[in-house]
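Pasting in a structure now, in C-alpha cells, and then I'll have a few things to ask.
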Number of protein chains: 2
Amino acid sequence: MTLAPPSEPLPFRDLEDVAAALRRAGSRLTTPRRMVLEALFAADELLTAEQIADGKLDLTSVYRNLEKLEELGVVRHVHIGHGPSVYGLLGDGEREFLVCERCGKVVVAGTDQLDRVRAVIREQFGYEARFTHFPLHGRCPDCIRR
Amino acid sequence: MTLAPPSEPLPFRDLEDVAAALRRAGSRLTTPRRMVLEALFAADELLTAEQIADGKLDLTSVYRNLEKLEELGVVRHVHIGHGPSVYGLLGDGEREFLVCERCGKVVVAGTDQLDRVRAVIREQFGYEARFTHFPLHGRCPDCIRR
DNA sequence: CCAGCTACTGAGAGTGACTTGCAAGAGCGG
DNA sequence: CCGCTCTTGCAAGTCACTCTCAGTAGCTGG
C-alpha cells in the first residue's frame with residue numbers, strides 16, 4: 001500500500017475536491033465510490049468498512065475504494081485495537097489518535113499536538129514516534145480509576 | 001481473557017517456578033505445555049505461536065497454553081503490527097515495547113523507563129498511556145532518515 | 001450522442017490468525 | 001496403579017480482509 005507523498009497535503013473539503021483528484025488520476029467517480037465518500041463525509045467519527053458498506057455495498061468494493069482513496073491522500077485508516085480497522089477523511093493534514101483500552105473512546109489530535117510527547121520519546125529512545133496508523137493506547141480520564 | 005492481578009508479579013525464573021504455579025492452580029505440566037515453556041525460556045526475543053509450535057506442536061494447543069500461561073502471569077503477548085501476535089515471558093515485571101514501523105526492530109523497556117513519556121501524555125491529554133499490549137510505533141534511530 | 005476503451009463492480013473462493021467443539025488421551029492425587 | 005478430569009489433536013468455524021474473474025458502466029473522442 002503506497003501512501004500519498006507527505007509533501008503538501010491538499011485539503012479535500014468536499015466530494016467535488018475528491019472527484020477532481022480522481023479525474024486527475026485517471027480514475028472514475030462511480031456510484032459505489034460516491035457512496036463510500038458520502039458515508040465518510042457524513043460521519044463525524046471513524047468508520048469500519050462494514051459501517052461504510054451499510055448493507056448496501058459489496059465489502060470487496062468498499063475495501064478497494066478505501067485503498068484507492070488512501071493512495072490519493074483522501075482517506076487514512078487506523079488500527080484501533082482488536083477489531084477491524086477504521087477509516088476516516090484526512091481533510092487537510094495527518095491526524096494522530098489516542099484510544100482508551102477500556103471504553104474504546106478515540107481522541108483525534110493534529111500531529112503538532114503530540115510534538116512534546118514525540119520530543120521526549122526521541123530524546124530518551126531515539127525513536128521518532130507516530131500515532132497515525134497505530135494509535136497510542138491507554139486509559140482515558142474517565143477510565144483511569146477502573 | 002483475564003490477566004493476572006497487577007499486585008506483586010512473582011518472578012518466574014525457570015520451568016520449576018512455572019511448574020509450581022501450575023500445580024497450585026490445579027493445572028498439569030504436560031509435554032506440549034513444557035515444550036511451549038522451553039521455547040519461551042530458550043528464546044531471547046518475542047516469538048509467534050507458529051515459532052513456538054515449530055512444526056512439532058498443534059497450533060491449537062500452543063494458543064491454549066499461551067492463554068493459560070498468560071492468566072497465570074507467566075506470559076504476555078504483544079500486537080507488534082500487521083502480523084501475528086508475539087509472546088514472551090513476563091519474568092519479574094511488566095514490559096513495554098517500541099517497534100520500528102520500517103525495520104520491525106522491537107525495543108523492550110521496563111515500565112519505569114516510560115514514566116517520563118507517560119507523564120507528558122497524562123499532563124496533556126489526561127490519558128494514562130500503556131505500551132505493554134499495543135506497543136509504541138515509530139522509526140528507530142537507524143530508520144529515521146529513510 | 002454514441003461507440004469503445006478500460007476502470008470498476010459483485011459474486012465467490014482463498015488466506016492468515018486465531019477460536020470452538022468434541023472424542024480420545026494422559027497427568028497426578030489418592 | 002486407578003480413575004478423575006485436565007489436555008490434546010483434529011476438524012470445522014469465524015473474522016477481516018484479499019484475490020480472481022467475468023460482466024458492467026464511466027468517461028472521452030469522434
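Values in this document were obtained by computation on a predicted structure and should not be read as measured data. First the proteins, then the strands, lettered A, B, ... as listed; each starts at 1.
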- Could you state the atom-to-atom distance from CD1 of Ile80(A) to C1' of dA16(D) in whole Å? 13 Å
- Item | Atom pair distance, as rounded to whole Å: CG in Leu66(B) and C1' in dT19(C) | 14 Å
- Message: Ignoring hydrogens, what is the shortest heavy-atom contact between Gln51(A) and Leu46(A)? Give both atom names and the distance.
- Response: OE1-O, 4.0 Å
- Message: Between Gly83(B) and Leu29(B), which residue's closest nucleotide on DNA chain C lies nearer the 5′ terminus?
- Response: Gly83(B)
- Atom OH of Tyr63(B) to atom P of dG16(C): distance rounded to whole Å? 12 Å
- Query: Is Arg130(B) salt-bridged to Glu94(B), going by a charged N under 4.0 Å from an acidic O?
  - Reply: no
- Message: Side chain of Ser61(A) only, heavy atoms from C-beta on: which candidate in dC28(C), dC18(C), dG10(C) is closest?
- Response: dG10(C)
- Message: Grouping I, L, V, M, F, W and Y whenever their side-chain heavy atoms are under 4.5 Å apart, do Phe41(A) and Val108(A) come out in a common cluster?
- Response: no
- Message: Mind checking if Ser85(B) touches a base, just sugar-phosphate, or nothing, with heavy atoms under 4.0 Å?
- Response: sugar-phosphate
- What does Leu59(B) touch in the nucleic acid at a heavy-atom separation under 4.0 angstrom: a base, only the sugar-phosphate, or nothing? nothing
- Message: Can you tell me which nucleotide in dC27(D), dT9(C), dT8(D) comes closest to the side chain of Thr30(B)?
- Response: dT8(D)
- Message: Could you tell me how far apart Arg33(B) (CZ) and dA26(C) (P) are, to the nearest whole angstrom?
- Response: 15 Å
- Task: Measure from the side-chain heavy atoms of Arg23(A) and tell me the nearest of dG10(C), dC18(C), dT28(D).
- Result: dT28(D)
- Query: Taking only N and O in the side chain of Ser27(B), is any of them less than 4.0 Å away from OP1 or OP2 of dT7(D)?
  - Reply: yes
- Select base, sugar-phosphate, or nothing to describe what Thr31(B) touches, counting heavy atoms under 4.0 Å on all strands. sugar-phosphate
- Query: Asp58(A) has an atom CG; how far is it from atom P of dT20(D), in whole Å?
  - Reply: 16 Å
- Task: Calculate the interatomic distance between Arg34(B) atom CZ and dA26(C) atom P; express it in whole Å.
- Result: 14 Å
Under 3.5 Å, which protein N or O atoms sit close to an N or O of nucleotides 20-25 of chain C? Give each pair with its distance.
unit_1  : atom_1 : unit_2   : atom_2 : d
dG21(C) : O6     : Arg64(B) : NH1    : 3.3

- Which atom of Leu40(B) lies closest to which atom of Leu89(B), heavy atoms considered: O-CD1, 3.6 Å
- Query: Counting just side-chain N and O atoms, does Lys68(B) come under 4.0 Å of either OP1 or OP2 of dT7(D)?
  - Reply: yes
- Query: About how many Å separate OG1 of Thr111(A) and CD of Gln113(A), when rounded to the nearest 0.5 Å?
  - Reply: 9.0 Å
- Note on the structure: From CZ of Arg24(B) across to P of dG29(C) the rounded distance in Å is 13 Å
- Has Gln124(A) got more than 12 heavy atoms of other residues, nucleotides or ligands less than 6.0 Å from its CD? yes
- Message: In terms of relative ring orientation, are Phe134(A) and His79(A) parallel, tilted or perpendicular, with 30° and 60° separating the classes?
- Response: parallel
- Message: How many whole angstroms separate atom CG of Leu22(A) from atom P of dA25(D)?
- Response: 19 Å
